[in-house]
Each structure stands twice: as C-alpha cells, then as structure tokens.
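Data block below; observations after.
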Amino acid sequence: MTHSMNTRFGMWAAIAALVASIGYGIPQLLQVAGVLVDPWDRILIFAPSLALATAFVLTMVAVHVTTAPAKQIWSLSALALAIMYAVMVSIVYVTQLTIVIPHELRGDVAGVALIKCCNPGQFLTAVDLLGYTLMSMATLFAAPAFVGHDSRRAVRLWFIANGLLAPFLFMQFVFPQLIYIGALWLVTFPMAMFFLARYFWSEGKLSERT
C-alpha cells in the first residue's frame with residue numbers, strides 16, 4: 001500500500017473504533033441509569049465491545065505501518081498488546097452473547113454461572129479487566145510513535161491519558177470501587193480515536209498533495 005492508502009485505512013479503522021466505543025458507552029450509561037433492562041443492556045454493551053476489539057487491532061496495524069522505522073519498536077509493541085487485548089475480550093463477549101445470555105433466557109441460570117460476566121469476583125470479569133488493561137497499555141506504548149506538534153501532539157496526549165488508566169483497570173481485581181476512575185475510559189478512548197482519525201485524515205490529504 002502507498003502511504004495515502006495506509007492513512008485512509010487507518011482513518012476508517014480509527015473511526016470504526018470510535019463508533020464502537022461510543023456504541024458501548026451509551027448503553028453502559030443507560031444501564032447504570034436503569035433505563036435498559038436485562039438482557040438488552042448486556043446485549044447492547046457486549047455487541048459493540050466485540051466490534052471494538054477488531055477495530056482497535058486494525059487501527060494499531062495502521063499506526064504501525066505509518067510509523068517511522070526509528071519509532072516502530074513502540075508501535076509494534078502497541079500492536080502486540082492490542083492483539084492480546086482483542087483475543088481476551090473477544091472470548092468474553094462471544095461467550096456472553098452466544099452461550100450465557102441464550103442459556104439464561106431458557107432458564108438455565110445455574111448452568112452458566114461460572115462463565116458469566118461482568119460482576120466483581122467472576123472469572124471472565126477478571127479476563128475482561130486484564131484485556132482492557134492491555135488495551136490501555138497499547139495506547140501508552142503507541143504514544144511515543146507520535147512525535148511533533150499539532151495533530152500528532154493531540155494523539156500522543158490522549159493516548160497517554162488512556163494509557164494511564166491501566167493501573168486502575170488492573171487493580172479493580174482487588175478494589176472494585178476503582179471502576180469510577182476506570183470509567184474515564186469512556187472519555188479518553190473515544191477522544192484518542194477521534195484525534196487519531198483526524199491525524200490520519202490530515203496525513204492522507206498531505207500525501208495526496210505531494
């Protein structure tokens with residue numbers, strides 16, 4: 001691919017990740033507000049979260065291939081962490097959507113109790129938290145790939161902000177109340193993807209003019 005094609009790919013991947021993250025965030029907030037009822041709250045949360053996993057990996061692919069060779073150790077590390085995140089959370093969400101929720105709708109609640117997510121103390125909740133910890137680490141590792149000012153600086157700052165949530169996500173294993181800090185992800189991640197999409201768009205326009 002040419003640089004222009006790479007940046008166009010990255011722009012659309014980042015937009016997809018942005019849309020998926022908002023698609024997750026809205027029903028999550030509606031669930032907390034008591035607007036959505038079970039199982040629709042979980043379905044509307046897990047489905048966009050599953051789409052987000054793929055979109056984020058593709059976004060990190062674009063980040064890596066457009067990063068200068070001297071900085072690719074950071075972008076490749078970010079891509080590796082993103083893949084780990086995507087695999088872990090995809091297993092969680094597919095399990096909920098295709099096994100747990102259908103079984104519960106048939107009345108078999110006890111049969112899927114061990115693989116239910118996402119309340120404190122549940123096995124797949126721990127897997128999900130580790131996945132999002134890795135995702136935040138991916139943005140933190142990717143941040144040094146964006147050197148310079150203007151659009152690059154905005155991407156770097158939001159990537160760092162999202163990455164700094166990693167300890168609070170991980171420590172929810174022990175202190176579930178840290179979810180109130182981890183919930184800042186609902187702002188930091190969409191903003192990171194917004195500015196990344198804008199960066200890819202501006203880079204693509206620049207490539208077309210040269």
Side-chain angles (χ1 to χ4, degrees), residues 12-61 81-139 162 165-166 168-173 175-194 196-197:
W12 286 112
I15 289 173
L18 170 62
V19 171
S21 65
I22 295 173
Y24 154 78
I26 291 174
Q28 179 71 78
L29 293 173
L30 292 176
Q31 181 195 54
V32 173
V35 176
L36 291 176
V37 297
D38 192 69
W40 287 107
D41 55 349
R42 288 183 289 160
I43 293 171
L44 293 175
I45 288 171
F46 295 144
S49 298
L50 183 59
L52 174 59
T54 299
F56 183 64
V57 170
L58 295 179
T59 300
M60 289 297 103
V61 168
L81 291 166
I83 292 171
M84 293 169 66
Y85 143 78
V87 171
M88 298 183 80
V89 300
S90 293
I91 292 171
V92 173
Y93 302 138
V94 167
T95 301
Q96 304 312 300
L97 291 169
T98 66
I99 300 176
V100 173
I101 293 175
H103 274 256
E104 288 182 340
L105 291 175
R106 292 195 294 266
D108 182 18
V109 177
V112 292
L114 291 177
I115 55 172
K116 188 173 180 178
C117 184
C118 294
N119 294 317
Q122 294 174 328
F123 165 65
L124 286 185
T125 301
V127 175
D128 191 50
L129 285 174
L130 180 55
Y132 274 90
T133 301
L134 293 168
M135 177 204 235
S136 289
M137 290 175 62
T139 60
N162 192 70
L165 294 178
F168 301 100
L169 294 169
F170 185 78
M171 289 302 293
Q172 285 181 51
F173 292 123
F175 305 107
Q177 62 270 27
L178 289 177
I179 190 174
Y180 297 108
I181 299 177
L184 291 172
W185 181 97
L186 294 171
V187 176
T188 59
F189 184 83
M191 291 298 290
M193 293 300 102
F194 170 79
L196 181 61

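Remember, it's a predicted structure, so these values are computed and weren't measured experimentally.
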Give the C-alpha distance, both sets of side-chain angles, the deciding distance and a yes or no for side-chain contact (heavy atoms from CB on, under 4.5 Å) between Phe194 and Ile22. CA-CA 11 Å; Phe194 170 79; Ile22 295 173; over 6 Å; no

Near [X] [atom1], under 6.0 Å, is it more than 12 heavy atoms from other residues, nucleotides or ligands?
X	atom1	answer
Phe170	CZ	no
Phe168	CZ	no
Leu114	CG	no

State, to 0.1 Å, how close [X] and [Y] come at their nearest heavy-atom pair, and which atoms those are.
X	Y	answer
Cys117	Gln122	CA-OE1, 3.4 Å
Leu186	Gly25	CD2-CA, 3.6 Å
Met60	Ala82	CG-CB, 3.7 Å
Trp185	Leu165	N-CD1, 3.4 Å
Leu52	Ala17	CD1-O, 3.5 Å
Gly23	Pro48	O-CG, 3.4 Å

Where the side chain of [X] meets the backbone of [Y], is there a donor-acceptor pair that is under 3.5 Å apart?
X	Y	result
Ser21	Leu18	yes
Gln96	Ile115	yes
Thr59	Ala13	yes
Thr98	Val94	yes
Ser136	Thr133	no

Could you check whether any side-chain heavy atom of Ile43 comes within less than 4.5 Å of a side-chain heavy atom of Ile101, counting everything from C-beta outward? yes

Dump the intermediate steps for side-chain contact (heavy atoms from CB on, under 4.5 Å) on Trp40 and Leu30, then the final yes or no. CA-CA 11 Å; Trp40 287 107; Leu30 292 176; over 6 Å; no

Look up atom [atom1] in [X] and atom [atom2] in [Y], then write down how far apart they are to the nearest 0.5 Å.
X	Y	atom1	atom2	answer
Ile45	Gln28	CD1	CD	4.0 Å
Ile26	Gln31	CD1	CD	14.0 Å
Leu124	Leu130	CG	CG	12.0 Å
Met84	Met137	CE	CE	8.0 Å
Leu169	Met135	CG	CE	10.0 Å
Thr139	Leu81	OG1	CG	9.5 Å

Before giving the answer on side-chain contact (heavy atoms from CB on, under 4.5 Å), spell out for Met88 and Tyr132 the whole-Å C-alpha distance, their side-chain angles and the decisive distance to 0.1 Å. CA-CA 9 Å; Met88 298 183 80; Tyr132 274 90; over 6 Å; no

Considering only residues two or more places apart or on different chains, which pairs with a residue in residues 88-115 satisfy ring-ring contact (aromatic ring centres under 6.0 Å, His included)? Phe46-Tyr93

